[in-house]
Amino acid sequence: MASSQHEQVLVEEKSFARILTFNRTKQLNALSFQMISRLLELFLAYEDDPNVKLIILKGKGRSFCAGGDVAAVVHDIRAGGWRAGANFFMKEFTLNYLMATFSKPQVSILNGIVMGGGNGASMHGRFRVATENSLFAMPETALGLFPDVGASYFLSRLPGFFGEYLGLTGARLDGAEMFACGLATHFVPSAKLPMLEAALCAVDSSDPAIISSIIGQYSERPPLKEQSVYNRLDVIDRCFSQKTVEEILSALEREAVDRREGWISTTIQTLKKASPTSLKISLRSIRVGRLQGVGPCLVREYRMVCHVMRGEFSKDFFEGCRAILLDKDKNPKWEPSKLELVADSTVDSYFSKVKNEDWEDLKLPARPKFNLPPYVIAKL
Amino acid sequence: MDRAYQRTRILTNHLIPNSPAQTVCLTSNECLSYSPPELSEKYAFDVGEMRRLMDGHDVEERDRLFGLIIQSKLFNPRVRGGKVFVSPDYNQSMEQQREMTWKRIEYLSERGVFRGWMTGKGEDVEMKRFACFEVLGLFDHSISIKLGVHFFLWGGAIQFFGTKHHHDKWLRDTENYLIKGCFAMTELGHGSNVRGIETVTTYDSNTGEFIINTPCESAQKYWIGGAAKHATHTIVFSQLNINGTNEGVHALIAQIRDADGNVCPNIRIADCGHKIGLNGVDNGRIWFDNVRVPRENLLNSVADVSPDGKYLSSIKDPDQRFAAFLSPLTAGRVNIAVNAVYQSKVGLAIAIRYALTRRAFSLKANEPEVLLLDYPSHQRRLLPLLAKIYAMSFAANYLKMLYVKRTPQSNKTIHVVSSSFKATITWSNMQILQECREACGGQGLKTENRVGHLKAEHDVQSTFEGDNNILMQQVSKALFAEYVAAQKRNKVFKGLGLEHMNKPCPVIPSQLTSTTLRCSQFQMDALCLRERELLNRFVADVSQCLARGESKEHSFNTNYQLAEDLGKAFSDQAIFQTFVEAEATLAAGSLKDVLGMVRSLYALTCLEDVTYLRYGYLSVDNAAAVRGEITKLCSELRPHALALVSSFGIPDAFLSPIAFNWVDANSWSSVQH
C-alpha cells in the first residue's frame, strides 16, 4: 500500500482519509508533469470512491510546493515546440479545476514554501492550513509569466486590492499574513501538525463544518508582525485600485514621497524589475477574473499561457527563465522594455483565441450536476 | 476487527435473510438540492462576443468599475450562499442612505472615476461616461441620480448655457467635487410646463446684480435632487424680468450653502421627505427671498443682460430660445432610457436564472418536479421580454451614438428619438420588472432579491425629465409637423425614419407562413405599415379638426388616442430598425442565428399588439399565426435562455441570492452566521 520512495507523490490511505505527499524535495517539490498526471488520476478515482471522504495534501521537506517545474517546461518547448509547454499547462489547469470543484474537502498543509503552481494545487481546495514556516508568493511577473493556475480567481477575491498587489509584485507572505487575508483558512503551529493529521485521519465525514472544527481545535490566531504590509491595506487599496500599471506606479511614487516607508520603495523597485508585458496582462487578468467563475478563469488563463509559450507577442518568459532559472544572472532583458511600449492591442491579443490549426480552448472536465457542496457551487 | 465484523454480518444475513444489508441512506432529493444551471445548460454561442455587441463600448472600463465596487466595504457586500452580493442596505433610514450614497461618491471620486467627465471633450469621453453610469446604475439608482444631477444637469447646464468664463470657473471644481451642484427647474406648481414657472429674477443695474425671488408658495422649487442636504450651488430657472418686460425662462447660478454646509442667507430649504424609492437622494425644496447674485452668474450662451441692464439675445424667437434651454435634459433622457434597459436586464437575469433552478409540480407521480422555465407558459411570460430587452439594448446604443454625434441639425431628431425611447423603455422596464417579480414568486418580494425593490426605485423614470405621456404626445406632434412640411413642399420624407413613407405601401400576405413571419423584411414591412397608416390617419383627423376651425392645441388634445398609438408605432419601428442594424454587423454563425430568433420574437411580440387588430392591419387568422409563431420561438429559445442572460455581462455580485444557490443562501447555517 505504501508508495515506493522514489515516487514523486506518496499516497497513504488512512481509513477515510488519503494523504498525498509531494516527494521531490531536491526541487522543493516543484510540480512535474508526472506529478500533475498522478494527482489528476488520484483525484478522479477518489471522487467516485465512497471510502474516500477527505484528501490531505502536504509536502516533504521545507516546501509544500515551489511551483510548476518551469525549467522542465522551457526545456520541453526548446525540444518539442510550444505545444509541449501548452500540454503541461492544460493538464495542470485541469487539475486546478478538478480541485476547485471537488465534491470532497481537500486539506492542504502549507508548512513551508508555497508558490506559483503550489498555490494552484492548494488554494482552490476547501481548507488551507498555514504554519509559522509558510512562505507564500506568486512570483510569475519576475519570470515573464503571469499569475496562472487560477490565480486570477483566488487573488482577485482577496480583500480590497491586495490580490493585485500580490499578483503584480510577487510579494511574499508569512503564515500569519496568509491567514489574515484569507489565503489560509487556518493557522496551526507546525508542532501540532502530527496531532492534526491524526485527528483528520479519524474523520469519517466529508462535512466541511466537522472538518473545520477539527482543524479549529489545533488552530491559533497568529499576530501580524507590526511591519506587515497587510497593516497597510489602505495604501495598497489606493494604489492598486488604479486603472493601469502606470497609474499604480505613479500612485505608489506619490505615496513614497508622503510616507517614506521602506516597503513602498521596495514595491516600486520590484514592479520596475518585472516584465512590463507580464505586469499588464496580469493586471488585466486579475481584473477580469474578479467577475468570472473559476472555470472561465482557467479557460482564459490557458489562452494567455498558450500565447506566452508561443512567444509571438513577447519572448519574456524565455528570457525570464534564462535569467532567473538557467543562467541565474538575475538580469533579464525584457522586450518590450518599458510599460509604455506595451500597446493595449498587444494586451488584448493575450486574451484572444490562439490562431493555430487544431488548437482548442481548455476543455474543463464535466462535473456532477447534483451533490456538489455549496462552497463548490459558489465558485462556478 | 474488520474481518470479525464481516463474518458476523454474513452470518446475520444467513440467519435473517430479509434484513436489509445496508441501512437506507437518506440522500437529499435531486429536485430539492440546488443544481447550478451552468452545469446543465450549454452555450451555443460566445457570450463574451454577445456582451460586447450589447454593451457596445467600454467593456473594460465597465469591468474595472464593477471591481471597484465589489472590493469596497462601502458598497455593502454581503455573503449569501457562498457568494458576495453588493447592494445598498435599503433598511437604513433615509438619512443613513443619503450619507452612504455620498460616501460612495467620494470613494469613486478619490479613485479617479470622474476624471475628465467635465473637462474632457469628445465622443469617447461621453461614451465612457455613459458606460460608467450604466454600471453605477446597476448598483443603485440613488447613486446614479445623485451623480446625474451633479454632472449632467448642473454640469451640463454650465457646459451648454454657460460661456467660457463659466466653463473656466466651474467645470474643474465640479469634476473634483469641490462644489456640489443641483438643478432647480421644477416648482410645486409647474413640472412639465417649464415655461409656466413663477420664480422671478430682476436686475439691479446699480449693483450689477440679479435678484431672485419666490413670489408665492406654488413657485417654491420642488424635487430638487441634492438640495436637501449636500448641494452648495444650484442652477435656478426663472422668468427674467428686465425693465418690466418678461423675457422668458432663463438660468442663473446661485450659491445655496457655504463650504461648511450652512444654508446661505435669504435661502430657505426644506426636505421633500421619504419617498417610495430613491431615498439615497436628498430631494429638497428651495425658496429665494431677494437672493442677489452677480451679473456674471447668468448663463449667457443664449441671452445676456448688459451691465447697464439691457437685454441682449442672438435668438430672437422666444420659442427657439426656450428650446435651447432644454437641451441638457436630452442627456438626462438618454441616461434614463439606457439605465432602464440595464434594470430590466437585472430583473430578467434573476428571474430566468431562478426559473432554471426552481422546480414546481411533477407531470407524473414520482417524477422529479419540472423546472419553471420548462413550462411553455413560463417561457411565454419571460422570453418575449428578454427579446424586447435585446431590442432595447440596441436602441439604447443607437440613442447614445446619436447623442454624442449631435450637430445643430440633428437636435430635432435627438429630441424626438430620445423622448420616444425614454418613454417606451421606462414603461417597458416597469412591466418587465413586475413580470419578473411575479415569476420569482414570494422570493421576488424580498428586498435582497432586488427584482421587486427595483420597481419602487425606478418608478420615477416615467415622470422625471419629462412625463412619458407628454413626451409621446410630442413625438406624434413632431411626426405630424414632418408630414405637413413634406406635403406642403411636395417633397419626400427625410429623417425620423420616415423614409419608408416615400415607398409604396407594403402588403401583408393573407396567409402568413412561419418562414414569412421570421423574415426581417416582412417584420419591417409590418411595423412600417402600422406607422404609415396611423400617421396618415392622425394627420387626417387632426386636419379635419383644424378645418372645423378648432385650435391646433385642441385638435391634438382631442385626438390623443391616435397620438398614443402613433407614438408607440414610431417607437417600435425605430427600435426594430436598430436591432436589424446590429444584426447586420455580425458574420454568419451561431451568434447571428440565435440573435435572428430573438429579433423575430421581438418583432412578433410587437405585431401581437392590439393596434394590429384594432385598425385591421392583420386579419384575425394572421394574428393567430403570429401568436402561434411566438410560442414556437419561445420553445426554440428556451435552450439559449441562460446564454442570453449571461450575455448581459452583469457580474454575479450585482444579481441576487435567488439567481444562484438559493437553497444554501437560505439554509439554517446561513441564519446562524
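Numbers restart at 1 for each chain; the letters A, B, ... are given by sequence-line order, proteins then strands. Just so it is clear, the model here is predicted, and its values are computed rather than measured.
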Peer 1: Looking at every heavy atom in both Ala378(A) and Gly81(B), which two are closest together, and how far apart are they?
Peer 2: CB-O, 3.6 Å
Peer 1: Does atom NZ (Lys592(B)) have a neighbourhood of more than 12 heavy atoms from anything else shown, all under 6.0 Å?
Peer 2: yes
Peer 1: Tell me, for Asp348(A) versus chain B, whether the close heavy atoms (under 4.5 Å) come from the side chain, the backbone, both or neither.
Peer 2: side chain
Peer 1: Closest approach of Ser241(A) and Leu68(B), non-hydrogen atoms and distance?
Peer 2: CB-CD2, 3.7 Å
Peer 1: Sub-3.5 Å donor-acceptor pair from the side chain of Gln242(A) to the main-chain atoms of Arg111(B), do we have one?
Peer 2: no
Peer 1: What distance do Phe660(B) atom CZ and Leu380(A) atom CG have between them, rounded to the nearest 0.5 Å?
Peer 2: 10.5 Å
Peer 1: At a heavy-atom separation under 4.5 Å, does Asp664(B) approach chain A through its side chain, its backbone, both, or neither?
Peer 2: side chain
Peer 1: Under 4.0 Å between a Lys/Arg side-chain N and an Asp/Glu carboxylate O for Glu60(B) and Lys243(A)?
Peer 2: no
Peer 1: Can you list everything that forms a side-chain contact (heavy atoms from CB on, under 4.5 Å) with Lys446(B)? Sequence neighbours excluded, please.
Peer 2: Gln443(B), Glu448(B), Asn449(B), Asn666(B)
Peer 1: Going by the rule ring pair (Phe, Tyr, Trp, His ring centres under 6.0 Å), which residues pair with Phe16(A) if we only count those two or more places apart in sequence or in a different chain?
Peer 2: none
Peer 1: Any residues in residues 231-240 of chain A near chain B, with a heavy-atom distance under 4.5 Å, and which are they?
Peer 2: Asp237(A), Arg238(A)
Peer 1: Which bit of Arg115(B) comes within less than 4.5 Å of chain A, counting heavy atoms only: side chain, backbone, both or neither?
Peer 2: side chain
Peer 1: Under 4.5 Å, counting heavy-atom pairs only, tell me which of Gly82(B), Pro36(B), Gly67(B) racks up the most with chain A.
Peer 2: Pro36(B)
Peer 1: Do you know which two heavy atoms are closest between Ser35(B) and Lys369(A), and how far apart they sit?
Peer 2: OG-O, 2.9 Å
Peer 1: Is Leu372(A) in contact with chain B via its backbone, its side chain, both, or neither, using a 4.5 Å heavy-atom distance?
Peer 2: side chain
Peer 1: Against chain B, label Pro368(A) side chain, backbone, both or neither, depending on which of its atoms sit under 4.5 Å from a heavy atom there.
Peer 2: backbone
Peer 1: What closest approach, in Å, do Leu39(B) and Arg367(A) show between heavy atoms, and which atom pair accounts for it?
Peer 2: CD2-CB, 4.2 Å
Peer 1: Counting only non-hydrogen atoms closer than 4.5 Å, can you tell me which residues of residues 279-294 of chain A sit against chain B?
Peer 2: Arg284(A), Arg287(A), Arg290(A), Leu291(A)
